[in-house]
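A short worksheet on the structure shown next.
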Amino acid sequence: MRIAIIGTGYVGLVAGTCFADSGNDVTCVDIDERKIRMLLAGEVPIYEPGLEELIRKNVREKRLAFTTNLADAVSPAQVVFIAVGTPEGESGEADLQYVLAAAEQIGRAIKQYTVVVDKSTVPVGTADKVRAAIAKVASAEFDVVSNPEFLKEGAALDDFLKPDRVVIGVESERARKVMGELYAPFVRTEHPILFMDTRSAELTKYAANAMLATRISFMNDVAALCEKVGADVDFVRKGLGADKRIGYPFLFPGVGYGGSCFPKDVKALVTTAREYGLELDLLRAVERTNERQKKLLVTKAVKHFGSLEGKKFGVWGLAFKPKTDDMREAPAIEVIEGLIGKGAQVVAHDPVAAHAAKRVFGDRIRYASVPYEALEGVDALFVVTEWNEFRHPDFERMKALMKSPVIFDGRNIYDPVRMRELGFTHFSIGRR
């Protein structure tokens, strides 16, 4: 099948590469000439395990191409995916200007029946707006489909190639057959394609992310209560997760959620509901808990040290989660800004996100190329992202490098009893 992907961000690159790897002819389009030059040279502008190798393989086998010319990519395509950004607007709504601009260009370019797919995360009713934008200028038949993505950064290839489910919102049997054929290679292990109407598909994406964000914020509230009453959140989490109605995923307390999806999608869902006269009080509380949680480590540091003026701190982890270089809404931003704002110096290390962090902090902090370099002469270490390489460090070496052996463990990756035995002052989330 001939496919065009409009947008070479995270979603577009992963989707385009995986479709190409299943035998389709895919052309990815972007208006950013620098990004297209990078991709044509075999360089990938985002970090995602396994993606660079898979892109090179499919480019080499001539199933995957990149261009800035939308019309050339769209005119021969049977399916066109819109995977452009939907940034957060001033009042929390999703900004659809890039989606609708792409839709109009697609409408002008299509030459035969084409299925146009909203892959970007978009609010309810967007398929109708895309359909109207295309209909104004198109001379060929088309259908508009909603096909939200459910990719976890750091595990996106597996999520796409072996999905839990594929959600497809369609309004015609013709489009349903095309999408069923396209996704057939990815659902051979009984994982379902869930066909529904476009509005239900659009809402499914927001509802899923809002539910996961709610679990995280709920567990962070439980962790705060554990600290007050002297309970241990690890035991509470295990007791909760063992209930089959609840399960273990997304019940880990920490310094809050970040990334490109949860913060933006929760706000967008709250805003959409408000437009229809409904206040989603639960999700507003989820947001408040998350903002409080991002400030928690700095609050603990102030309680321990008093003034942070002139102190020097190491930070391990900058990306919002492991296996990505994504700094969008990362808790590390709140932590580091809080420390700097109180007069402290910061030396930070992240295995892959330093280049992205420099766009956020510039030269206001120092960047360490290896973890131990971020510990030299520091008054404390803040662990903000749970990269595997931080889980089993040389603690004796750490103590020798640090001015004082204090750790603020924002992801509960170290055992409190062992840390005391090793001579560390250890602060974690929701544990004694």
Passes side-chain contact (heavy atoms from CB on, under 4.5 Å), Ile407 versus His426? Steps please.
CA-CA 5 Å; Ile407 297 178; His426 177 253; 4.2 Å; yes

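- Between the side chains of Thr289 and Asp221, at least one donor-acceptor pair of N or O atoms lies under 3.5 Å.
- Asp234 and Arg431 get closest at one heavy-atom pair: OD2-NH1, 3.1 Å.
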Show your reasoning for whether ring-ring contact (aromatic ring centres under 6.0 Å, His included) applies to Phe19 and Tyr183.
CA-CA 9 Å; Phe19 282 133; Tyr183 273 103; 5.5 Å; yes

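- Ring orientation note: the planes of Phe424 and Phe395 are nearly perpendicular, at an angle over 60° on the 30°/60° scale.
- From Ser200, atom OG reaches atom CG of Leu194 across 11.5 Å, with rounding to the nearest 0.5 Å.
- Residues Ile3 and Phe81 are in side-chain contact: their nearest non-hydrogen atoms beyond the backbone lie under 4.5 Å apart.
- Other residues, nucleotides and ligands place more than 12 heavy atoms under 6.0 Å from the CD atom of Glu291.
- Defined by atom type and a distance below 3.5 Å, a donor-acceptor pair is missing between the side-chain atoms of Glu153 and Tyr10.
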For Ser22 and Asn24, what are the C-alpha separation, side-chain angles and deciding distance, and is it a side-chain hydrogen bond (donor to acceptor under 3.5 Å, both in side chains)?
CA-CA 6 Å; Ser22 64; Asn24 299 288; 3.2 Å; yes

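- Within the structure, the side chain to side chain donor-acceptor pair (under 3.5 Å) test picks out the following pairs touching residues 389-407 (sequence neighbours left out): Asn388-Arg391.
- One side chain, Glu373 or Ser369, offers a donor N or O that lies under 3.5 Å from an acceptor on the other.
- Within a 6.0 Å radius of CD in Glu33, other residues, nucleotides and ligands contribute 12 heavy atoms or fewer.
- In this structure, His355 NE2 and Asp325 CG are separated by 4.0 Å, a value rounded to the nearest 0.5 Å.
- Around CZ of Phe235, the count of heavy atoms belonging to other residues, nucleotides or ligands within 6.0 Å does not exceed 12.
- Of the options Val166, Thr204, Asp164, a side-chain contact (heavy atoms from CB on, under 4.5 Å) to Phe150 is made by Thr204 and by none of the others.
- Side-chain atoms of Leu157 and Leu51, non-hydrogen and from C-beta on, do get closer than 4.5 Å to each other.
- Side-chain atoms of Asn412 and Pro253, non-hydrogen and from C-beta on, do get closer than 4.5 Å to each other.
- Counting only distance, with no hydrogens or angles, the side chain of Glu48 and the backbone of Ala156 share a donor-acceptor pair below 3.5 Å.
- Taking the six-membered ring for Trp and thresholds of 30 and 60 degrees, Trp387 and Tyr47 have ring planes inclined between 30 and 60 degrees apart.
- Taking the salt bridge (charged side-chain N to carboxylate O under 4.0 Å, His left out) definition, one finds that Glu61 meets it with Arg63, sequence neighbours left out.
- Lys300 has its side chain out of reach of Lys295: every pair of non-hydrogen atoms, C-beta onward, lies at least 4.5 Å apart.
- For the pair Val84 and Ile6, the minimum side-chain heavy-atom distance is below 4.5 Å.
- Looking only at side-chain heavy atoms (C-beta outward), Phe313 and Leu339 come within less than 4.5 Å of each other.
- In this model, a donor atom of one side chain and an acceptor atom of the other lie less than 3.5 Å apart for Thr8 and Asp30.
- Atom-to-atom distance recorded for Phe427:CZ and His304:NE2 is 5.0 Å, nearest 0.5 angstrom.
- Looking at Ser260 and Glu88, their side chains never come closer than 4.5 Å, going by heavy atoms from C-beta outward.
- Residue-environment remark: NZ (Lys323) stays at or below the threshold of 12 foreign heavy atoms within 6.0 Å.
- Two residues are said to be in side-chain contact when any heavy atoms from C-beta on lie closer than 4.5 Å; Glu337 and Phe361 meet this criterion.
- For Asp128 and Thr126, the side-chain atoms include no donor-acceptor pair closer than 3.5 Å.
- Residues that satisfy the side-chain contact (heavy atoms from CB on, under 4.5 Å) test with Pro371, not counting sequence neighbours, are Trp316, His349, Phe390.
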Begin with the C-alpha distance, continue with both residues' side-chain angles, and end with the deciding distance and a verdict on side-chain hydrogen bond (donor to acceptor under 3.5 Å, both in side chains) for Asn220 and Ser217.
CA-CA 5 Å; Asn220 282 331; Ser217 283; 5.4 Å; no

